[in-house]
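Quick notes on the structure that follows.
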Amino acid sequence: MVGAVAVSSGLRSNLGVVNLATKPSRFAECEGLPSQVSLRKGARGSKMLLSSSRRRGLGAIRADALPSSQEVADNVPGATALTLEEVATDSAKPNSPNNGPMSPKKGRNENIREEARRQGAGSSPTTFSAKYVPFTPGVKSDEEYSLDEVIYRSKTGALLDVQHDMEALKKAGDGAYWRKLFDSRVGKTTWPYGSGVWSKKEWVLPEIDDDDIVSVFEGNSNLFWAERFGKEVMDMTDLWVKHCGISHTGSFKDLGMTVLVSQVNRLRRLGKPLLGVGCASTGDTSAALSAYCAAAGIPAIVFLPANKISIAQLVQPIANGALVLSMDTDFDGCMRLIREVTSELPIYLANSLNSLRLEGQKTAAIEILQQFDWEVPDWVIVPGGNLGNIYAFYKGFYMCKELGLVDRMPRLICAQAHNANPLYRAYKDGWENFKPVKALPTFASAIQIGDPVSIDRAIYALTQCDGIVEEATEQEIMDVCAQADKSGMFTCPHTGVALVALEKLRSRGVIGPNDRTVVVSTAHGLKFTQSKVEYHSSELPDIVSQFANPPVSVADDFGSIMDVLRQKLSLNNLKGSM
């Protein structure tokens, strides 16, 4: 950071440190200032505010009362004059958690959490805030709650939404400011900004203390160009897959769980009598909850439908020390029971009924825009089960548009399995009626939900962005997964549901061959290896494995191996052409 700077009302960021130990005549109007202050642009542009651990009661001073850069250089030993361009370059450097100047990097005996604590020492509280409000679009309500309250629904039973102080976020800076700030944190290890979620802390949980955050640096997941699959299967040039399954527990659920468990950690430190955190799950939610609770030392309680999730999903909460209750019911039954239990016991509910999780999940939408250098894709396809994620993506894109980071939103597509498709049915009915269904077994087990909690959120999101809902049969899911895997991917069945939706919309010409399209992959394929093994072994009931690639049994001698290679690789034809 520079030793002295000129003050300009055209700069937004923290400009530097001025040493006022020696006060020449031009410093006369600044009497009473502490020996070192940092100067920031005032809210109205014409005044400068003092930012210091000792600034209380000092108020504002006029910009024209401050010395110029050259005058400081002439009168303060060691100070140098700077041009406006040099100051602007310096002001663009990454800031500390309180948006003040960066302190020296951590010492040898200091960890990154302690470093963040030291850098934030003496800083003023954030001007950003968020609260719970009823999710009742178009209906005014004065009802609101602090995020420190344990509450999941409004007085009328409506879902709650986390509402941010958008005016404060707008006053902090324009779209360019937020783009630069978010981009400056990517790939760093600074606590907590090494996380793709907490690198957007101001838009997630702005008031939480860094010490209360529970993070494994989730997010920042891969967005890759599905070149071969797009070209050969979809006849597309600009198909991308946002692989949210490349995460700590192998699914996108980590994005929301870091926020929820961090808030629980905060509540417990505030003395709230919370025994632990509980959830109903089809697999991935329980894995994320148990991992983050284990990291924080908070008890986790998991309700699972017996024999309806993969072994890979079941073993995660067990390994992380959660109390796992296996029940002879489906997810909807588990959800009903966990809601009853959490209404009677001080156990915090972690399902997507809790709107805190959506605050973390929306950051995947912001990441997509970042990874495209803030260019907006034409389409984003999201698998849908309990339907919180489709609203989370909408909310992320909407905030970016509202705060000026981008000028438009993509169209959203929600993809459901045919065996659990209540949203698809409502969409085909023109949104006139929604009826829960009895979800049937599906390879996409995490979205085997017939009575989704976030149905109102999903319908709102889709109607606001001219969205579409599609479905996929079990045969279609397994076939498209096999095709995608042959192009180098290793897809989960839920990603397969989204790929089927893409295939159908491409065949109807809704999505064009050159449309930039992002398919959201919600989990890692390694969690679903059994269904892949059975597909390639042609052992799945009622499924024709037309893209199967089973291993070839061959005797352990050279001649037998060459016979197989000639047959499979067409070596005889190759030899004739040589």
Side-chain angles (χ1 to χ4, degrees), residues 131-135 143 145-162 205 212 214 253 256-306 309 316-318 320-361 385-388 436 446 449-457:
K131 60 189 176 182
Y132 291 127
V133 297
F135 182 79
E143 190 178 352
Y145 304 93
S146 165
L147 298 187
D148 291 337
E149 294 190 49
V150 180
I151 186 169
Y152 311 111
R153 287 189 180 272
S154 72
K155 294 176 181 178
T156 62
L159 296 171
L160 296 176
D161 196 24
V162 175
L205 283 187
D212 293 331
V214 182
K253 300 294 178 71
M257 208 57 73
T258 181
V259 177
L260 184 141
V261 175
S262 294
Q263 180 64 9
V264 172
N265 199 37
R266 168 183 166 86
L267 295 178
R268 284 163 63 93
R269 292 192 184 190
L270 291 174
K272 299 283 186 179
L274 293 174
L275 297 178
V277 190
C279 75
S281 179
T282 50
D284 291 332
T285 299
S286 66
L289 174 65
S290 60
Y292 283 87
C293 281
I298 300 173
I301 303 95
V302 173
F303 289 16
L304 294 177
I309 67 173
Q316 288 182 283
I318 292 174
N320 286 135
L323 173 59
V324 179
L325 304 181
S326 180
M327 302 179 178
D328 188 18
T329 183
D330 58 10
F331 170 81
D332 296 315
C334 289
M335 189 69 223
R336 173 180 55 80
L337 291 167
I338 192 68
R339 288 170 64 179
E340 291 178 6
V341 168
T342 54
S343 67
E344 295 293 328
L345 296 176
I347 296 173
Y348 198 80
L349 181 63
N351 284 97
S352 57
L353 171 67
N354 189 315
S355 53
L356 284 176
R357 279 181 44 194
L358 307 186
E359 293 306 293
Q361 291 167 207
N386 223 8
L387 301 181
I449 299 169
D451 190 10
V453 168
S454 293
I455 179 64
D456 294 337
R457 293 167 172 156

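Here, residue 1 is the first one in the sequence, and each next residue gets the next number. As the structure is a prediction and not an experimental result, all values here were calculated from the model.
In this structure a side-chain-to-backbone donor-acceptor pair under 3.5 Å is present from Asn354 to Leu349. Under the 3.5 Å distance criterion, the side-chain polar atoms of Asn320 are left unmatched by any main-chain donor or acceptor of Ala294. Of the possible donor and acceptor atoms, one in the side chain of Gln263 sits under 3.5 Å from a partner among the backbone N and O of Leu147. Side-chain N or O atoms of Ser262 include one that pairs as donor or acceptor with a backbone N or O of Val214 at under 3.5 Å. With hydrogens and angles ignored, the 3.5 Å screen pairs no side-chain donor or acceptor of Ser154 with any backbone N or O of Pro134.
The line from CG of Asp284 to CG of Leu289 is 12.5 Å long, rounded to the nearest 0.5 Å. If you take CG on Leu260 and CG on Leu358, they are separated by 10.0 Å, rounding to the nearest 0.5 Å. The CD atom of Glu359 sits 13.0 Å away from the OG1 atom of Thr258 when rounded to the nearest 0.5 Å. Atom CG of Leu325 and atom SG of Cys334 lie 9.0 Å apart (nearest 0.5 Å). Taking CG of Leu353 as the reference point, atom CZ of Arg153 lies at 5.0 Å (rounded to 0.5 Å). Taking CD1 of Ile449 as the start and CG of Asn386 as the end, the distance is 4.0 Å to the nearest 0.5 Å.
Shortest non-hydrogen contact noted between Pro305 and Thr329 is CB-O, 3.0 Å. Closest heavy-atom contact between Pro273 and Pro346: O-CB, 2.9 Å. Residue Gly256 comes nearest to Gln361 through the heavy atom pair N-CG, 3.9 Å, listed as atom of the first residue, atom of the second, then distance. Contact record, Leu304 with Ser281: CD2-O, 3.4 Å, taken as the closest heavy-atom pair. A pairwise comparison of heavy atoms in Ala350 and Cys279 identifies CB-CB, 4.1 Å as the closest pair. Nearest heavy-atom pair, Lys155 versus Glu143, reported as atom, atom and distance to 0.1 Å: N-OE2, 2.8 Å.
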Ile151 and Leu160: CA distance, side-chain angles, deciding distance, side chain to side chain contact (heavy atoms under 4.5 Å, CB included) verdict: CA-CA 9 Å; Ile151 186 169; Leu160 296 176; 3.9 Å; yes
Assess whether side chain to side chain contact (heavy atoms under 4.5 Å, CB included) is satisfied between Leu356 and Tyr152, documenting all intermediate values. CA-CA 10 Å; Leu356 284 176; Tyr152 311 111; over 6 Å; no
So Asn265 and Ile298, side chain to side chain contact (heavy atoms under 4.5 Å, CB included) or not? Walk me through it. CA-CA 8 Å; Asn265 199 37; Ile298 300 173; 4.1 Å; yes
Please step through side chain to side chain contact (heavy atoms under 4.5 Å, CB included) for the pair Ser355 and Arg457, ending with a clear verdict. CA-CA 11 Å; Ser355 53; Arg457 293 167 172 156; 3.5 Å; yes
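Using a 4.5 Å heavy-atom threshold, the side chains of Val453 and Leu387 count as separate. Looking at Asp161 and Tyr132, their side chains never come closer than 4.5 Å, going by heavy atoms from C-beta outward. Within the 4.5 Å cutoff, no side-chain heavy atoms of Leu323 are placed close to those of Val302. No side-chain heavy atom of Ile301 sits under 4.5 Å from any side-chain heavy atom of Leu275.
Taking the six-membered ring for Trp and the full ring otherwise, Phe331 and Phe303 have centroids separated by 6.0 Å or more.
Applying the salt bridge (Lys or Arg N to Asp or Glu O under 4.0 Å) rule to pairs touching residues 261-279 yields Asp148-Arg266, Asp212-Arg269, sequence neighbours excluded.
By the 6.0 Å contact criterion, CD on Glu344 is open, its count of non-hydrogen atoms from other residues, nucleotides or ligands being 12 or less.
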